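Just so it is clear, the values below take in all heavy atoms, side chains as well, and ignore hydrogens, waters and symmetry mates. This one's a predicted model, so the numbers in the text were calculated from it and none came from an experiment. Just so we're on the same page: letters track the sequence lines, and every chain starts at 1.
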Amino acid sequence: MELSKNYIPNETEARWYAHWLEKGYFNSKPDGREPYTVVIPPPNVTGVLHMGHCLNNTIQDILIRRARMQGKNACWVPGTDHASIATEAKVVQMLREKGITKSSLSRDEFLKYAWEWKDKYGGIILQQLKKLGCSLDWNRVSFTMDEEYYRSVIRVFIDLHRKGWIYRGKRMINWDVKAKTALSDEEVIRKETRQQLYHLRYQVVDSHATTPEYVTIATVRPETIMGDTAVCVHPKDERYKHLHGKRVLVPLINRSIPVITDEYVAMDFGTGALKVTPAHDMNDYQLGEKHRLEVVDIFHEDGTLNESAQILVGQDRFEARKNIIPMLEQGGYLVKTEEYTSEVGYSERTDVVVEPRLSLQWWVSMQKLSEPALNAVMEDSIRFFPPKFRNLYRNWMENIRDWCISRQLTWGHRIPAFYAPDGSFVVAENIDEAFTKFQQQGSGVRMDEIWQDNDVLDTWFSSWLWPFEVFRGYSHPGNKEVAYYYPTNTLVTAPEIIFFWVARMIMAGYEYMGEKPFRNVYFTGIVRDKLGRKMSKSLGNSPDLLGLIDQYGADAVRFGIMIASPAGNDILFDESSLEQGRNFNNKLWNALKLVKMWEGRQSATADTTPDFATDWFANRLQQAKAEVEEMLEQFRLNEALKTIYSLVWDDFCSWYLEWIKPGFEQPMDTGVYRKTIGYFEELMQLLHPFMPFISEEIYHLLNDRNDDLCVKLTAAPTPPSPHLLEAGELLKQVISALRDARNRNQLKPKDTIQLHVQTANTTGFAAIEHILAKQVNASSVAFTEQTIADSIVVAVEKDKFFIVSEKELDTGNLKAELLKDLEYQQQFLESVKKKLSNERFVQNAKPEVVDLERKKQADAEARIKTIQESLQNLG
RNA sequence: GGGAGCAUAGCUCAGCUGGUUUAGAGCAUCUGCCUUACAAGCAGAGGGUCCGCGGUUCGAACCCGUGUGCUCCCA
């Protein structure tokens, strides 16, 4: 069979993924084996695959594939969340394109469109994960608005309300006065806006003063002064110290408000005095809470002024701003006006200026829920990787705030609260139950008067149930599946949602399952572009992932993203790492070609004398396997991949294959050949979780077989022989040193040399003589007990090598090199001697450490001697 | 304002329990090679004030304090 010049991934990848699916390798059912469970962090149903998903899902796939190859029952559950904000925005946009406004639709009509949209476009991302090679159990796709899941979310709400942990309370929200809806922070677009900063003076209330005194504040929103309930100054501001405890009058309406002090005020901004309008500014609201200020709301929901404003009632906020200025001017309150540019929030949907507004919202009290969740992480019952996130988690959990769970949207789980015309409400699963509850309370409300809350729940209020509800753990408590798969093993996610999601899943897990949702949490980094900017749609710096997979192959993409990705550190993504992945594919492919070339050139019988190269590689492989194993246990995935990469590229390709390569047109020893195939297989097995496609392909090309690498069980590594490993390292070192010497002396690769070896270990060198000769292009290798004249001398540890060549040697250059080395060695010896002459070191340090230093000394002394001899030899 | 983290080669980062570290890898750079698997390659090389200062220790890139710079999260 002819193998192509380079590896061509596309066809191979599609073929193997289809094969794995057909064999049902990814499907899991509870059985007698140990489970290994991962639930996917449900991607947003509107999402398309981006670099973050790529990293996150590659990691999960590595863990799952490894577990599968370890003989565990690996189960990776796919799914999506309904993403109320993002999806609703998409649906509204789609309707707009059809000329339909959301407000013209009933709730049910809108939801019908939303479901249509979801069925058509939702979950594209799941298909894309197949391209990446993700071994998800496709029989288990879940969605946070599946019928049963939906009901569970509602029941959890009811349960928490019954426990008294859900309540209604006021909160400042972003209000769109045109759409008459609340906006999430993500839907608010901040724009630099030119404004006027008005300096207004408020008269100080002081019955004793002969002339009126004023305090001047600066504001860009003069139309809100009627909502002012305090003026705030910095406690240390000397200019205003005399005003502490006094009151001032709001211009035009003459309401008396207190002067308060708070360090929040920036003394150097404006006049250093701040008007406080708790109903209409986020910061002022907090200040108001802190100082228990009155809240005066002066706006209707459409942004016009209401009766509380007393003046300009019925005017729009911007109209009022225009109109209040002459009034202030006339009254002598306007001190000056200056140009001012600052960021103002605009609605993403309607482009009107967002109005901060107080609104009644639903909240979850976090006190009781957070306690076991904090302990679980602090006591390492749930382990974080990297552990540095424990601090962050603790800090947040210890200062936890209540969770606002209502969203002024339609797409999502509708809040199960039912209201009577008198404003009273009950929480119930449906209207019939609600009616019954009203009756039980003795309310005379009629069924047709009851209405359900129009808002939906925060998407996280459904996804916090994810780790158990994908197994119906809440809807069917104690069922066989949840009993088997829960708690799950590892959650892989981004640190940015540690509070939104991770913490809350832990809370829900303990509250509803009485058990943690997962044992380990692996935090990935944030994928940034080369310049360190977060990848985002608006910046357009997120590469087209499917395009990259087409171009480089999924294995190369997986490699590229993993090799650059230490746990919990952000990664700066650069396409050059994909090139590295693609090159690695090619390296593997070419090694395969070389090995396949030998297939037909095998010797009739196998040579039974021990072969150094095969013995060494067998041991090197076991050593690396153990290292990889340990790194994976510690979630150091990128280091594990680096280890495999260098094992394949350096040890296998650059050293081993070169060592066993027969001479031109020579036969290949059949025993060596078979061992080599075996090693190659093991390498592919080790690599498989990281690069599943090419490893499976090569596994099948190495030999005809009926099994698949994907589900082949990995044997545990056996302890390697330290002696052989050392001998291998020595050989590499000698070859490199001799090649370096050749290079430095301008010997061309084709120029042959005669090599003389001076060593105490002649038997050791006899075993590797043929390798050595081949690797340094020596026509002969001889042992010697004397120094060889007119040669290049190379010392490696205690052995000396003399290179004799036909070419004229540049002795001046050689001498300079030797002198440089001599100086270095002498300095090194000095530092070691100094250490050893320090009595306290010899007394306090561990004996091994002291021995080590003694060995360093001996080696350095031997080397110095060799160098001095070499110098003499050069004359 | 509160919290967390980071600072090591030109770039991106490893360096785990302080002692095989006079500090490693990949990329980039330089030199020599189209050597029959691979130029998307091979063989080599150069490159460092481990952010500054102080301390602990026989010994510090690593621990402690402090300063500087940067990043993120919460408000």
| message | Within the supplied structure, the quantity of interest is the number of heavy atoms (other residues, nucleotides, ligands) at a distance under 6.0 Å from Glu806(A) CD; does it exceed 12? | response | no
Check the distance between [N]'s [atom2] and [X]'s [atom1] and give it to me in whole angstrom.
X         : N      : atom1 : atom2 : answer
Asn743(A) : U31(B) : CG    : P     : 13 Å
Ile735(A) : U35(B) : CD1   : P     : 21 Å
Met397(A) : G2(B)  : CE    : P     : 23 Å
Arg742(A) : A43(B) : CZ    : P     : 14 Å
Gln733(A) : A43(B) : CD    : C1'   : 17 Å
Glu579(A) : A39(B) : CD    : P     : 15 Å
Gln580(A) : U12(B) : CD    : P     : 16 Å
Met562(A) : A14(B) : CE    : P     : 13 Å

Where the side chain of [X] is defined as all heavy atoms beyond and including C-beta, which of [options] is the nearest nucleotide?
X         : options                : result
Asn583(A) : A40(B), A43(B), C58(B) : A40(B)
Trp649(A) : C42(B), C33(B), A37(B) : C42(B)
Met597(A) : C74(B), A14(B), A37(B) : A37(B)
Pro749(A) : U35(B), G41(B), A40(B) : U35(B)
Ala591(A) : A37(B), G44(B), A4(B)  : A37(B)
Lys856(A) : C16(B), U20(B), A39(B) : U20(B)
Leu852(A) : U20(B), G41(B), U35(B) : U20(B)
Gln634(A) : C16(B), C58(B), A75(B) : C16(B)

Classify [X] by what it touches in the nucleic acid, base, sugar-phosphate, or nothing, heavy-atom distance under 4.0 Å.
X         : result
Phe499(A) : sugar-phosphate
Gln843(A) : nothing
Ser577(A) : nothing
Ser646(A) : nothing
Trp598(A) : nothing
Lys642(A) : nothing
Asp740(A) : sugar-phosphate
Arg739(A) : sugar-phosphate
Glu658(A) : base
Lys855(A) : nothing
Asn6(A)   : base

| Between Ser359(A) and Gln361(A): side-chain donor-acceptor atoms closer than 3.5 Å |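 Yes.
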| Do Gln857(A) and Glu853(A) have side-chain N/O donor and acceptor atoms under 3.5 Å apart? |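 Glu853(A) and Gln857(A) do not have a side-chain donor-acceptor pair below 3.5 Å.
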| Quick one: is G32(B) close enough that its OP1 or OP2 comes under 4.0 Å of any side-chain N or O from Lys750(A)? | no
Is the distance from the ring center of [X] to that of [Y] below 6.0 Å?
X         : Y         : answer
Phe680(A) : Phe652(A) : yes
Phe499(A) : Tyr393(A) : no
Phe385(A) : Phe523(A) : no

[N] to [M] separation - [atom1] atoms, rounded to the nearest Å:
N      : M      : atom1 : answer
A40(B) : A23(B) : P     : 34 Å
G26(B) : C62(B) : C1'   : 23 Å
A9(B)  : A4(B)  : P     : 27 Å
U17(B) : C13(B) : C1'   : 22 Å

| query | Closest nucleotide of RNA chain B for Val842(A) versus for Lys748(A): which of these residues is on the 5' side? | reply |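 So the residue in question is Lys748(A).
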| said: Assuming nearest nucleotide by heavy-atom distance, tell me which of Phe584(A) and Arg840(A) is located more 5' along RNA chain B. | reply: Phe584(A)
